[in-house]
Amino acid sequence: MEKRSLARDIQQFCGSGLVNKTQVGEYLGAGKNYPRKFLDGLPYYPKGNAKLYSADDVAERINQRKNV
């Protein structure tokens with residue numbers, strides 16, 4: 001899937017352009033610990049104790065992992 005359409009799908013699923021690790025885990029259908037490893041190294045926006053990740057960055061990471 002193309003990055004732009006994948007990012008749009010993530011935004012529709014989560015309801016925002018910024019997503020947390022729980023939402024990424026639900027989107028990927030992954031276990032509890034996988035999103036932390038998956039998101040490691042991506043830039044994030046701190047909001048209290050939460051780390052918010054850009055849907056575009058998450059989409060790019062999905063495409064990187066898909067091609068490996």
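Residue numbers run from 1 in the order of the sequence given.
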Review point. Hey, are the side chains of Phe38 and Lys21 touching, using non-hydrogen atoms and a 4.5 Å cut-off?
Key: no
Review point. Can you tell if the side chain of Ile62 reaches within under 4.5 Å of the side chain of Ile10, non-hydrogen atoms only?
Key: yes
Revision key, fill the gap. The reported gap from OH in Tyr27 to CD in Gln12 (rounded to nearest 0.5 angstrom) is 9.5 Å
Exercise for review: Enter the distance from Asn49:CG to Asn20:CG here, rounded to the nearest 0.5 Å.
Suggested key: 12.0 Å
Exercise for review: Kindly compute the distance separating OG (Ser54) from CZ (Arg61), expressed to the nearest 0.5 Å.
Suggested key: 12.5 Å
Exercise for review: Taking the side chain as every heavy atom from C-beta outward, state whether Leu52 and Tyr44 have any pair of such atoms under 4.5 Å apart.
Suggested key: no
**Study point:** Any side-chain heavy-atom pair of Leu28 and Pro35 under 4.5 Å
**Key:** no
**Study point:** Exercise: identify the closest heavy-atom pair between Lys37 and Arg65
**Key:** O-NH2, 4.1 Å
Check your understanding: Got Phe13 and Glu26 here, is their nearest side-chain heavy-atom distance under 4.5 Å?
Key -> yes
**Study point:** Side chain proximity check, Tyr45 to Leu18, heavy atoms < 4.5 angstrom
**Key:** yes
Check your understanding: Which heavy atom in Ala59 sits nearest to a heavy atom in Leu6, and how many Å separate them?
Key -> O-CD2, 3.6 Å
